[in-house]
Number of protein chains: 4
Amino acid sequence: MTQRLSAEERRQEIAEAVLRLAGQEGFHRLTTALIAKSIGVSEATLFRHFQDKQDIITAALRRFEELVMADFPPKEEHPLEALRAFFFQRIALIRKHPEIKSLAFNVQLLQIASEESAERISFCIGQMFQFIFSSLQQAQEQRMIASDLPLEVFLWSFLGVLRGYTDQIQAAPPTPQDEAYSKTLWLGLEQLLRRSK
Amino acid sequence: MTQRLSAEERRQEIAEAVLRLAGQEGFHRLTTALIAKSIGVSEATLFRHFQDKQDIITAALRRFEELVMADFPPKEEHPLEALRAFFFQRIALIRKHPEIKSLAFNVQLLQIASEESAERISFCIGQMFQFIFSSLQQAQEQRMIASDLPLEVFLWSFLGVLRGYTDQIQAAPPTPQDEAYSKTLWLGLEQLLRRSK
Amino acid sequence: MTQRLSAEERRQEIAEAVLRLAGQEGFHRLTTALIAKSIGVSEATLFRHFQDKQDIITAALRRFEELVMADFPPKEEHPLEALRAFFFQRIALIRKHPEIKSLAFNVQLLQIASEESAERISFCIGQMFQFIFSSLQQAQEQRMIASDLPLEVFLWSFLGVLRGYTDQIQAAPPTPQDEAYSKTLWLGLEQLLRRSK
Amino acid sequence: MTQRLSAEERRQEIAEAVLRLAGQEGFHRLTTALIAKSIGVSEATLFRHFQDKQDIITAALRRFEELVMADFPPKEEHPLEALRAFFFQRIALIRKHPEIKSLAFNVQLLQIASEESAERISFCIGQMFQFIFSSLQQAQEQRMIASDLPLEVFLWSFLGVLRGYTDQIQAAPPTPQDEAYSKTLWLGLEQLLRRSK
DNA sequence: GATGAATGAGATTTCATTCAT
DNA sequence: AATGAATGAAATCTCATTCAT
């Protein structure tokens with residue numbers, strides 16, 4: 001028989017398993033059988049801790065939210081510094097939790113979530129957009145980046161680079177080369193933005 | 001009873017329905033019952049035209065491939081012109097086929113596809129990356145964009161902007177404002193790249 | 001398109017196909033799709049010539065009856081001669097129509113037949129038993145075989161040898177060895193019966 | 001709700017139900033719905049205990065094998081004694097398990113079995129033939145039965161009588177008359193064989 | 001006479017969920 | 001707290017049969 005855990009520990013374990021499996025296996029294979037098996041408990045156990053599958057997904061999304069919103073928004077005053085901080089925070093997050101990599105920007109996740117849950121996530125994503133958008137706006141106002149180009153170009157470039165890089169992060173712990181590369185990348189991105197002026 | 005179509009027409013219709021539904025409803029709701037209902041035929045009809053559900057998905061992905069690879073790669077010599085052409089081609093494609101919007105960059109789709117099918121799609125995506133990458137490389141060599149910044153920064157910025165914009169394209173036909181906006185966006189992106197020099 | 005046949009020819013063709021397939025493939029694979037394919041017509045064609053699948057089976061069983069009851073019962077007066085004739089008739093029949101080999105004694109066939117059809121076949125089998133039984137009875141009365149042994153022993157021995165041999169007849173045309181062997185077999189069986197006295 | 005059984009008991013119950021139904025109803029009616037209904041469980045329960053229908057059939061055939069190979073081959077030294085033992089064992093088996101009567105010699109069963117399963121059964125049947133054949137061979141060598149007649153005549157007579165009799169065994173428990181008759185039958189068969197000398 | 005397209009009914013299988021222990 | 005057994009509902013797939021051409 002499986003080790004007995006406190007209810008709270010078990011809930012956590014299940015939520016994390018879901019996060020991991022959703023990333024690894026995709027949603028159509030995200031069955032209660034698979035979830036249970038992946039942490040070595042019976043399916044019935046899942047339903048002792050959660051009302052139904054929706055409820056499990058919701059818990060997983062809460063966990064996702066927690067991870068994604070930790071230390072958000074960055075404290076830095078200087079807008080490009082704040083973006084820089086966010087950039088590296090995100091990379092660090094994905095390095096620590098590569099399981100959420102493919103979820104991080106994924107709208108599909110919301111399709112299997114409850115309405116309420118989807119709204120919460122949408123709100124988080126909105127917050128993130130808002131933060132990036134207003135940081136870039138300030139940068140424009142403070143003449144750090146071009147003000148004759150549409151803000152969306154900056155917004156989507158920033159997100160594109162962040163996403164492009166995090167998409168290729170591997171499960172393995174980062175090598176010094178990885179660290180160096182991510183720094184170079186940021187510098188490149190920053191230059192791109194700054195030189196637009 | 002339903003209108004009778006030739007086998008080929010029916011296959012097409014089914015494949016397109018799948019493409020549409022996969023975008024609209026998400027994969028977990030992509031049941032044979034839903035597919036059949038959406039085009040007003042019986043489930044049995046689906047299996048008259050395809051071996052099994054996998055086979056239906058495969059046909060849908062072929063159609064996707066067709067759409068995505070039409071007129072690819074662009075003929076333009078000048079690298080930034082080629083990228084420009086690609087940019088507008090993609091926007092036009094999504095405007096005409098908004099149903100594939102959420103698939104266009106979506107890896108999830110591949111999780112429900114057959115191995116072979118997934119490989120074909122991966123190959124297409126690879127082609128697209130290759131095209132963008134080498135266009136940007138030429139632009140760098142020809143001193144149109146900075147050569148002291150990592151190419152990935154350009155690559156992901158380009159993709160980020162393209163994706164950011166197409167993600168918000170609506171099903172409705174484009175207004176003159178939409179047209180104007182997409183042009184402005186390209187000009188903005190082009191400036192961003194060019195000024196980096 | 002397939003060659004057009006007269007209704008009667010087509011009915012024959014279908015009935016024979018069913019007989020062949022039932023032997024080769026077994027009943028659970030005896031689908032209308034397979035029947036149609038095996039003679040190169042569409043399934044719809046089957047239903048132009050027969051009311052339903054039952055009806056097709058019935059026709060096949062009529063054909064079976066025809067084959068099995070041809071020249072039955074043998075004309076010979078002498079009971080062992082009559083049995084001998086029957087023995088070789090059956091072997092010749094299976095050599096000519098190996099497709100009915102596995103049906104010849106098979107009760108399973110009746111489970112998929114209509115009640116009426118099953119009764120007709122049962123009647124034929126009854127006739128055959130009757131013939132063998134009364135031939136042996138006469139042989140007993142005429143002191144050709146032992147009269148202190150139960151007739152069933154003779155009956156089942158006769159049937160056992162006939163069945164054992166026909167079961168191993170191959171589709172290929174008989175070699176001279178085959179012919180010789182079947183004669184030896186009959187002589188053996190006849191001796192077995194006669195010496196019991 | 002149904003009585004709860006251990007997995008092993010349920011598997012047994014299902015396998016036996018299949019054996020029973022295959023005999024009673026024929027294979028084309030052997031649906032999972034019928035199997036489930038016959039033991040008063042849901043269809044889903046079948047698939048909790050077996051991978052798929054094939055797997056259920058396989059289990060039934062294992063059970064069949066077990067029954068048929070119990071106490072086989074008989075220990076008796078004397079070849080006709082061994083055959084006698086086998087003869088009565090088989091009759092006792094069919095009396096106890098009349099459900100396997102129509103399977104006992106039935107090749108059709110193999111057509112719905114998995115390849116591996118079919119091979120196992122073929123092997124068992126081969127063993128049985130081998131046993132009967134070599135017993136008769138010894139009997140011939142020891143001059144208990146004629147050595148100028150082909151062995152197959154003896155083999156098939158023996159099998160014919162055994163089969164003929166078991167085919168007509170009813171589900172009801174044997175009456176004293178039944179017992180007496182089967183003894184008479186064996187004596188008759190033994191005489192038939194012995195007097196051939 | 002023949003067929004390609006279509007389907008209702010049913011067979012097999014999966015999955016989230018309940019229940020007794 | 002945990003689980004093994006069980007299941008209803010739904011998903012996938014098959015098959016005999018109909019219909020328009």
Side-chain angles (χ1 to χ4, degrees), chain A residues 1-7 9-10 28-36 40-56, chain B residues 1-7 9-10 28-36 40-56, chain C residues 1-7 9-10 28-36 40-56, chain D residues 1-7 9-10 28-36 40-56:
Chain A
M1 205 183 305
T2 319
Q3 166 150 30
R4 276 176 173 240
L5 296 184
S6 78
E9 288 169 316
R10 196 55 98 194
H28 71 298
R29 260 176 255 160
L30 190 64
T31 63
T32 50
L34 183 63
I35 299 168
V41 301
S42 73
E43 281 185 81
T45 296
L46 302 184
F47 291 95
R48 247 194 82 72
H49 295 284
F50 295 96
Q51 286 230 319
D52 53 23
K53 195 185 172 187
Q54 273 290 2
D55 197 18
I56 300 178
Chain B
M1 206 187 299
T2 320
Q3 162 144 35
R4 279 168 158 258
L5 297 183
S6 77
E9 289 168 316
R10 197 54 98 197
H28 69 297
R29 258 175 257 157
L30 189 63
T31 64
T32 51
L34 183 63
I35 298 168
V41 300
S42 71
E43 281 186 78
T45 295
L46 303 185
F47 292 98
R48 226 191 93 71
H49 294 285
F50 295 96
Q51 289 231 318
D52 53 23
K53 197 184 169 186
Q54 272 288 5
D55 197 20
I56 300 178
Chain C
M1 202 182 306
T2 319
Q3 166 148 32
R4 277 174 171 241
L5 296 184
S6 78
E9 288 167 318
R10 196 56 99 194
H28 71 297
R29 262 176 253 160
L30 190 63
T31 63
T32 51
L34 183 63
I35 298 167
V41 300
S42 72
E43 282 185 81
T45 296
L46 302 184
F47 292 95
R48 248 196 82 73
H49 295 284
F50 295 96
Q51 287 230 318
D52 53 22
K53 196 185 172 186
Q54 274 290 3
D55 197 19
I56 300 178
Chain D
M1 206 185 303
T2 321
Q3 162 143 34
R4 281 171 156 254
L5 297 183
S6 78
E9 288 168 318
R10 195 56 96 196
H28 69 297
R29 257 176 259 159
L30 189 64
T31 64
T32 52
L34 182 64
I35 298 168
V41 300
S42 71
E43 283 185 79
T45 295
L46 302 184
F47 292 97
R48 229 192 90 72
H49 296 284
F50 296 95
Q51 289 232 317
D52 52 22
K53 197 183 170 187
Q54 272 287 3
D55 197 20
I56 300 179

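Hydrogens, waters and symmetry mates play no part in the numbers below; they use all other heavy atoms, side chains included. Note that the coordinates shown come from a computational prediction; the quantities given were computed from them, not determined experimentally. Sequence lines set the chain letters: A, B, ... in the order given, protein chains first and strands last, and positions in each chain run from 1.
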Between D52(C) and K53(B), which has a closest nucleotide on DNA chain F that is more 5'? K53(B)
Out of curiosity, R10(B) CZ to F50(B) CZ, how far, rounded to the nearest 0.5 Å? 11.0 Å
How would you label the contact of S6(A) with the nucleic acid (heavy atoms, under 4.0 Å): base, sugar-phosphate, or nothing? nothing
Among dG4(F), dT3(F), dT7(E), find the nucleotide with the atom closest to the side chain of V41(B). dT7(E)
Using salt bridge (charged side-chain N to carboxylate O under 4.0 Å, His left out) as the criterion, list what pairs up with R48(D), not counting sequence neighbours. none
Rounded to whole angstrom units, what separation is found between the NE2 atom of H28(C) and the C1' atom of dT12(E)? 15 Å
With sequence neighbours left out, what residues match T32(D) under side-chain hydrogen bond (donor to acceptor under 3.5 Å, both in side chains)? E43(D)
Does a nitrogen or oxygen in the side chain of R48(B) sit under 4.0 Å from OP1 or OP2 of dA6(E)? no
Distances for protein N or O near nucleotides 8-10 of chain E N or O, under 3.5 Å:
none

If I take atom CG in residue D55(D) and atom C1' in nucleotide dT12(E), what distance separates them, rounded to the nearest angstrom? 14 Å
Nearest-angstrom distance from the residue atom CZ of F50(D) to C1' of dT13(E): 15 Å
Just how far is it from atom CG of L30(B) to atom NE2 of H28(A), taken to the nearest 0.5 Å? 11.0 Å
Side-chain N or O of H49(B) versus OP1/OP2 of dA6(E): is the shortest distance under 4.0 Å? yes
Report the distance from atom NE2 of H49(B) to atom CG of L5(B), rounding to the nearest 0.5 Å. 8.0 Å
On a plain distance test, is the side chain of R4(B) in donor-acceptor contact with the base of dA5(E) below 3.5 Å? yes
Can you figure out which of dA5(E), dA2(F), dT7(F) approaches the side chain of A7(B) most closely? dA5(E)
Let me know the distance between CG of L46(C) and P of dT18(F), rounded to the nearest Å. 12 Å
Nearest-nucleotide check on DNA chain F, R10(D) vs Q51(B); residue mapping nearer the 5' end is R10(D)
Residues forming a side-chain hydrogen bond (donor to acceptor under 3.5 Å, both in side chains) with E9(A), sequence neighbours excluded: S6(A)
Integer-rounded Å distance: dG4(E) C1' and F47(B) CZ: 19 Å
Hits for side-chain hydrogen bond (donor to acceptor under 3.5 Å, both in side chains) against T45(D), two or more places apart or cross-chain, chain-then-number order -> S42(D)
Between E43(D) and G40(B), just flag the one whose closest nucleotide in DNA chain E comes earlier from the 5' side. G40(B)
Expressed in angstrom and rounded to an integer, what is the separation of Q3(B) atom CD from dA6(E) atom P? 9 Å
Intra- and inter-strand pairing of DNA chain F, written as dot-bracket with Watson-Crick and G-U pairs under 3.5 Å and | for the latter, reads .||||||||||||||||||||
Rounding to a whole Å, what distance do you find between L34(D):CG and dA11(E):P? 9 Å
To the nearest 0.5 Å, how far apart are NZ in K53(B) and CG in L46(B)? 10.5 Å
L5(B) atom CG is separated from dC19(F) atom P, nearest whole Å, by 19 Å
